[in-house]
Amino acid sequence: LKKLPESEDAFKEYFKEFIPYSKILIRLVKTVDERLKAYKARYQIFEFNDIAKLALNLVKTNIEVQNSLKTSLKMIMIDEYQDTSVLQEAFINLIENNNVYMVGDVKQSIYRFRNARCDIFIDKYDRYKFKGEGLAIDLNKNFRSRREVLDDINYIFKNLMTSSFGGASYIDDHLIECGNTDFEELGKLDVSSHSDFIIHNAKNVDSVEVEANIIARDIIDKINNHYQVLDDKTLRDVKFSDFCILMDRGTEFEDYYKVFSSYQIPLFIDNDENIKNTQIVKLLANILKIVKAIFNHEYYQKEFKKAFVSVARSFLYNYTDEEIYKIVTNNTY
């Protein structure tokens, strides 16, 4: 930092020497961009952003299409509005007819790397709420959680989130209110319901295993000590199925499974599945392999035989193993 220029003028002088290199880089990027656009147009291969731009251009340049959409759509509903991009907002503005219903939460804006602009949401919220340009409805009441949990969340965010840092004033507009009084009237507990933060030193140890053990022991402790939960307006002993572990690292599911098994805690893992590994996609891939083999007269290659067995055994044909064995051994495809 000490080596950096200390004034605006000095900064300008400092960067002047980089201008020739910058111009070359800009020219390279423009050239690549032009060639990529030409390639996509020639082969009709487009990415999501390209399709969005084409859609925007269509309604911008074709008034007939624009008016058709304006008059035919009764309501335009936009979820996760805080993640809207400038391009998407421009598209909506061209086809809306005072019929847009938006739902969003600026605290949940996580797609800035995909050109999401939460300032679009903030600007519209302010115009609707304070200038009367639309109707702003604050949904600040939470009906899922105890007051203590919400108090903890409010405490953390009100000390962190301001208009200048985070894009919104948490204290002014985003405090969460407790909407479910059942927790206080019917679900009153003798123990604290505030959030727990368990901190451990992960140096020189398998932190995943340590985490899993800490969580497993906490679950066992709550089960053994008859921790109370509110269920259908009645307090009851906690069960294994009441616990949920949220993780941002899907690679560690198996580690947790091993640890939980050692404690004899039943664990169900709900993981996003890779579409390539699903039964339907594998079956479709094998059908395409068969089509390719027929087209190229390659009936006796190993890849074709494997694909044939897969499709024959599948729910599409339900060949018996004996039928498949005879066909494969006799090459009577």
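Just so it is clear, the structure is predicted and the values come from calculations on it, not from any experiment.
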- Task: Decide yes or no for Phe315 and Leu283: does some side-chain heavy atom of the first lie under 4.5 Å from some side-chain heavy atom of the second?
- Result: yes

- Message: Can you confirm whether Pro266 sits close enough to Phe268 that some side-chain heavy atom of one is under 4.5 Å from a side-chain heavy atom of the other?
- Response: no

- Look up atom CD in Gln279 and atom OG in Ser314, then write down how far apart they are to the nearest 0.5 Å. 8.0 Å

- Can Lys188 and Glu184 be counted as an ion pair, charged N to O under 4.0 angstrom? no

- By ring pair (Phe, Tyr, Trp, His ring centres under 6.0 Å), which residues pair with Tyr14, not counting sequence neighbours? Phe18

- Task: State, yes or no, whether a side-chain contact exists between Ile215 and Ile219 at a heavy-atom distance under 4.5 Å.
- Result: yes

- In terms of side-chain geometry, is the basic nitrogen of Asp123 or Arg117 positioned less than 4.0 Å from the acidic oxygen of its partner? no

- Does any N or O in the side chain of Asp242 come within less than 3.5 Å of the main-chain N or O of Lys239, such that one atom is a donor and the other an acceptor? yes

- Using 30° and 60° as the class limits, which term best fits the ring planes of Tyr319 and Phe308: parallel, tilted or perpendicular? perpendicular

- Task: Kindly say whether Ser7 contributes a backbone atom to a donor-acceptor pair with the side chain of Asp9 at under 3.5 angstrom?
- Result: no

- Item | Check: Asn142/Glu177 side-chain N/O donor and acceptor closer than 3.5 Å | no

- Item | Salt-bridge present (Lys292, Glu298; N to O < 4.0 Å) | no

- Apply the test salt bridge (charged side-chain N to carboxylate O under 4.0 Å, His left out) to residues Glu322 and Lys326: give CA-CA distance (whole Å), side-chain angles for both, the deciding distance (0.1 Å), then the verdict. CA-CA 6 Å; Glu322 191 179 342; Lys326 282 180 182 176; 3.8 Å; yes

- Query: Taking side chain as C-beta onward, heavy atoms only, is Ile78 less than 4.5 Å from Tyr101?
  - Reply: no

- Might you work through the side chain to side chain contact (heavy atoms under 4.5 Å, CB included) test for Met102 and Tyr128, ending with a clear yes or no? CA-CA 12 Å; Met102 297 147 282; Tyr128 278 27; 3.7 Å; yes

- Note on the structure: Quick note, salt bridge (Lys or Arg N to Asp or Glu O under 4.0 Å) partners involving residues 50-75, not counting sequence neighbours, are Lys40-Asp50

- Without hydrogens or angle criteria, can the side chains of Ser310 and Asn286 be said to hold a donor-acceptor pair below 3.5 Å? yes

- Task: For Met75, look at atom CE and say whether over 12 heavy atoms of other residues, nucleotides or ligands are found less than 6.0 Å away.
- Result: yes

- Query: What is the distance from atom CG of Asn180 to atom CG of Leu230, rounded to the nearest 0.5 Å?
  - Reply: 7.5 Å

- Message: Quick one, Asp321 and Arg313 - any side-chain contact, counting heavy atoms below 4.5 Å?
- Response: yes

- Message: Do Leu73 and Asn97 have side chains that approach each other closer than 4.5 Å (heavy atoms only, starting at C-beta)?
- Response: no

- Item | Lys222/Asp218 ion pair, N-O < 4.0 Å | yes

- Message: Using the rule given for side chain to side chain contact (heavy atoms under 4.5 Å, CB included), can you reason through Asp83 versus Phe121, listing the C-alpha separation, both sets of side-chain angles and the distance that settles it, and then say yes or no?
- Response: CA-CA 8 Å; Asp83 292 323; Phe121 172 91; over 6 Å; no

- To the nearest 0.5 Å, atom CZ of Phe240 lies from atom CD of Gln264 at 9.0 Å

- Phe304 versus Ala293, closest heavy-atom pair with distance: CD1-CB, 3.4 Å

- Item | Pairwise side-chain contact, Leu189 with Phe183, heavy-atom cut-off 4.5 Å (strictly under) | no

- Message: Between Tyr256 and Glu211, is there a side-chain donor-acceptor contact under 3.5 Å, judged purely by atom types and distance?
- Response: yes

- Task: May I ask you to decide whether Lys30 forms a salt bridge with Glu34, counting only side-chain N to carboxylate O separations under 4.0 Å?
- Result: no

- Task: Return the orientation label for the Tyr39 and Tyr43 ring planes: parallel under 30°, perpendicular over 60°, tilted otherwise.
- Result: tilted

- To the nearest 0.5 Å, how far apart are CZ in Arg147 and NE2 in His194? 11.0 Å

- Item | OH/Tyr317: more than 12 non-hydrogen atoms of other groups inside 6.0 Å | no

- Message: If I take atom CG from residue Leu186 and atom CG from residue Asp232, how far apart are they, to the nearest 0.5 angstrom?
- Response: 10.5 Å

- Message: salt bridge (charged side-chain N to carboxylate O under 4.0 Å, His left out), that's the test. Do Lys124 and Asp119 meet it? Break it down for me.
- Response: CA-CA 8 Å; Lys124 190 165 285 188; Asp119 56 308; over 6 Å; no

- Taking Glu47 for the side chain and Asn49 for the main chain, is one N or O donor matched with an acceptor at less than 3.5 Å? no

- What is the minimum heavy-atom distance between Val106 and Cys118, and which atoms define it? CG2-CB, 3.9 Å

- How close do Lys158 and Tyr155 get, heavy atom to heavy atom, and via which atoms? CG-O, 3.6 Å

- Are the charged groups of Arg146 and Asp151 less than 4.0 angstrom apart, N to O? no

- Before giving the answer on side chain to side chain contact (heavy atoms under 4.5 Å, CB included), spell out for Ile63 and Gln66 the whole-Å C-alpha distance, their side-chain angles and the decisive distance to 0.1 Å. CA-CA 5 Å; Ile63 300 300; Gln66 190 184 126; 4.0 Å; yes

- Carefully, step by step, assess His174 and Met161 under the rule side chain to side chain contact (heavy atoms under 4.5 Å, CB included). CA-CA 10 Å; His174 295 276; Met161 196 170 193; 5.8 Å; no

- Message: I'd like to know if the side chain of Asn225 and the backbone of Asp221 have a donor-acceptor N/O pair within less than 3.5 Å.
- Response: yes

- Item | Exercise: do Tyr81 and Glu89 side chains pair donor with acceptor under 3.5 Å | yes

- Item | Sidechain-backbone polar pair: Asp105 side chain, Lys107 backbone, donor-acceptor under 3.5 Å | yes

- Query: Counting N and O atoms only, with roles assigned by atom type, does the side chain of Asn213 sit under 3.5 Å from a partner on the main chain of Glu209, one being a donor and the other an acceptor?
  - Reply: yes

- Would you say the side-chain atoms of Tyr170 and Asn159 include a donor-acceptor pair closer than 3.5 Å? no

- Message: Is there a side-chain contact between Asn140 and Ile176 in this structure, where contact means two heavy atoms from C-beta onward sitting under 4.5 Å apart?
- Response: no

- Query: Looking at Tyr263 and Ala216, what are the two nearest heavy atoms and their distance?
  - Reply: CD1-CB, 3.6 Å

- Heavy atoms of Ile120 and Thr84 approach each other most closely as CD1-O, 3.9 Å

- Do you know which two heavy atoms are closest between Ser145 and Leu150, and how far apart they sit? CB-CD2, 3.9 Å

- Phe46 atom CZ: more than 12 heavy-atom contacts under 6.0 Å: yes

- Query: Roughly how far, to the nearest 0.5 Å, is CG of Asp196 from CG of Asp152?
  - Reply: 9.0 Å

